[in-house]
Asker: 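Sending over a structure as structure tokens; questions will come in a sec.
Just so you know, ligand 1 is whichever comes first in the structure, and atom 1 is the first atom listed for that ligand. In what follows, every heavy atom counts, from backbone to side chain, and hydrogens, waters and symmetry copies are set aside. In this chain, numbering begins with 1 at the start of the sequence shown.
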Amino acid sequence: MRTSLSLIAVLCLSLLVSAQSQAQLNLMPMPSSVQVGTGQLPVTQTFGVDVTGFHDASLDSEIERFATRLSRQTGIPFWSKPGTVPTLTIHADHARAAVQKLGEDESYELTVSDSGAKLTAPNPLGVLRGLETFLQLVQITPTGFAVPAVTIKDQPRFPWRGMLIDVSRHFIPLDVLKRNVDGMAAVKMNVLHWHLSDDQGFRAVSKKFPKLTGMGSEGMFYTQDEIRELIAYAHDRGIRVVPEFDMPGHSRSWFLGYPELASGPGAYTLADGGIAPAMDPTREETYKFLEKFIAEMAKLFPDAYFHIGGDEVDGKQWDANPKIQAFKQAHGMKNDQDLQAYFNRRLEKIVVKNHKITVGWDEVLHPDLPKTIVVQSWRGQQSLAAAAKQGYSGLLSYGYYLDLMWPAARHYAVDPMSGDAATLSPEQQKLILGGESCQWAEWVTPENIDSHIWPRNAVIAERLWSPQNVTDVASMYARLNAVSLDLEWLGLSHRSARMHMLHRTAGDADISALRVLADVVEPVKDYNRWDETKQGPIDFHGALNRMIDAVYPESDTAREFAGLVQAFLQSSATDQAAEARIRASLTLWRDNDARLHPLLDQSFLLQEDEPLSQNLSALAAAGLAALDYIDKAQPAPDAWKTQQLTLIEQAKKPQAGLLLMIVSPVEQLIQASAAHN
Ligand code: ACM
């Protein structure tokens with residue numbers, strides 16, 4: 001008995017040690033195999049890199065960037081000193097493809113011991129991925145910066161790990177895209193899906209059709225040189241760039257310059273609400289236009305894939321056009337889906353003629369389309385499996401919409417191979433290429449787009465890179481926190497932007513009380529922010545300078561508070577350390593409204609947050625009273641409980657587009673305080 005108990009103790013201890021050492025390795029995405037060794041490699045001023053085997057200018061500049069980043073992370077300047085023993089040896093066997101290919105080998109092996117590190121990969125793509133791992137491994141220790149001894153063997157689970165950035169609804173300048181490409185590379189994503197046109201703006205210059213941006217962009221667009229610059233920048237970081245030109249719907253911006261493409265009479269403006277116009281699929285001139293346009297874009301964008309959009313086609317303009325109705329009848333088309341499938345087939349042939357593979361949103365799925373197209377699933381996970389069953393390749397984006405303001409854990413739980421996809425045959429599963437997070441840009445500007453993307457995007461990156469069984473949520477959040485801090489070394493502003501934006505609302509006043517409030521709120525979820533605009537379309541020229549625009553999509557403070565309340569209640573109110581921390585938070589929040597109120601009063605941007613601040617204080621007071629009842633082991637009176645639950649219901653309602661994220665844990669405390677044992 002004693003032996004088995006001590007065996008269990010030893011087992012538990014070793015599990016704990018391995019869990020802890022894993023937790024200390026703040027890697028995201030988690031590599032497919034990590035063996036922690038003993039000792040560590042110091043990172044000092046003598047740190048040097050040596051390259052053996054294949055190298056070219058791109059790899060050399062990657063290594064320079066690596067050294068710059070290591071310097072930034074440690075504050076230690078590095079420069080090559082001839083004759084020093086290299087700390088990190090890099091070896092690639094051969095070159096990577098001139099145009100990055102889907103499925104190109106990204107594997108690498110990284111071995112670190114106390115005397116040196118070795119990074120080997122078949123090609124420089126793997127080196128890129130391995131260097132990101134190395135940078136994440138650098139830790140501060142009592143004796144200096146160091147990398148723990150490890151052996152890592154790593155390769156991606158899916159070959160397509162992307163992020164869509166919508167640059168139509170709000171224009172996102174090149175420098176902001178570049179820093180997000182850096183962020184993507186840091187978490188080993190490999191596709192930037194560039195959503196270049198939509199109703200609200202056409203952003204890529206066409207020399208054949210200059211009025212696309214000339215009239216459809218309000219002067220905010222990318223020149224072809226800028227597009228080539230971003231493609232080269234992304235290529236250097238192991239990221240493909242897939243352009244999307246959304247057709248035949250989401251295409252109002254095309255019609256300002258070329259109204260003849262539309263199915264109904266203009267005139268069109270970018271700000272229109274109401275019926276979304278669509279291209280006229282019945283006119284041969286439409287295809288002549290698209291032949292020239294796609295030929296030009298296919299040359300500009302070297303990637304093998306070309307996204308034609310195809311989502312949310314509003315058929316009202318088609319239905320209102322007698323010529324289009326007659327065309328449908330003459331061709332035996334039963335509905336608008338048939339008409340869209342006809343359009344897609346014609347479009348697909350043009351794409352193929354330009355040596356590209358078509359990608360489209362899941363509405364394009366139609367038996368008339370060839371199996372070579374890729375279906376991007378956004379309306380539900382089922383369409384991904386349905387497409388694979390019919391022999392189509394697919395990408396998952398449903399569950400990865402960053403604009404819906406979900407917590408990281410909710411994205412993390414979505415796996416491309418779960419749901420209907422789990423029942424696919426191995427052959428069909430191979431058709432699932434991966435997925436893409438999506439940053440739609442209705443509510444973002446260059447100022448706050450980083451904080452809508454990061455750090456949550458990193459957990460989607462992990463879902464797509466790491467083995468399927470990497471699912472531990474506590475470990476994910478611990479690593480995400482570290483990665484989030486690291487990402488700001490790249491110039492991303494997902495944390496710092498909030499401070500600037502809060503200062504804007506407060507003038508030169510002390511914002512510490514405002515931060516306390518900002519720390520416990522989140523923007524409303526899903527499409528609920530659109531409720532505010534029910535009276536009309538979104539004003540894309542409107543200011544995004546409110547508290548809702550500044551705060552993080554996910555409140556770490558509230559999540560940690562909820563965890564403490566859960567631990568406290570699960571301990572039957574015996575966990576005194578948890579209780580002390582709960583009381584400290586509740587006291588801070590209870591007293592916050594009195595501190596914050598004068599500031600809210602004097603700012604037109606903050607007045608709308610007054611009820612929120614009052615609710616935070618009232619909730620915190622209720623939570624403290626509940627703890628007092630619990631401590632006295634005296635059930636709270638029913639009348640008190642009823643009163644507090646009324647407050648809870650009221651506090652659950654969004655105020656100024658914001659949700660107070662401590663409502664549920666406080667409700668749990670109230671319920672527990674009133675429970676009769
Ligand atoms: C989409 O979100 N309409 C693809």
Asker: I'd like to know if the side chain of Arg203 reaches the main chain of Met220, judged simply by a donor and an acceptor atom lying under 3.5 Å from each other, with no hydrogens or angles considered.
Answerer: yes

Asker: Does the N or O separation between His250 and ligand 1 drop below 3.5 Å for any pair?
Answerer: no

Asker: Check ligand 1 against Tyr401 and write out every atom of the ligand that is under 4.0 Å from a heavy-atom position of the residue.
Answerer: 1 (C), 2 (O), 4 (C)

Asker: Show which atoms of ligand 1 fall inside a sub-4.0 Å distance from at least one heavy-atom site of Trp440.
Answerer: 1 (C), 2 (O), 4 (C)

Asker: Cationic tip of Arg410 within the cone over Tyr412's six-membered ring, i.e. under 6.0 Å and within 45° of the normal?
Answerer: no

Asker: Where is the nearest protein heavy atom to atom 3 (N) of ligand 1: which residue, which atom, and how far?
Answerer: Asp311 OD2, 2.6 Å

Asker: Between Arg283 (side chain) and Glu260 (backbone), is there a donor-acceptor pair under 3.5 Å?
Answerer: yes

Asker: Mark yes or no: Arg456 above the aromatic ring of Trp406, with NZ or CZ under 6.0 Å from the six-membered ring centre and no more than 45 degrees from the axis.
Answerer: no

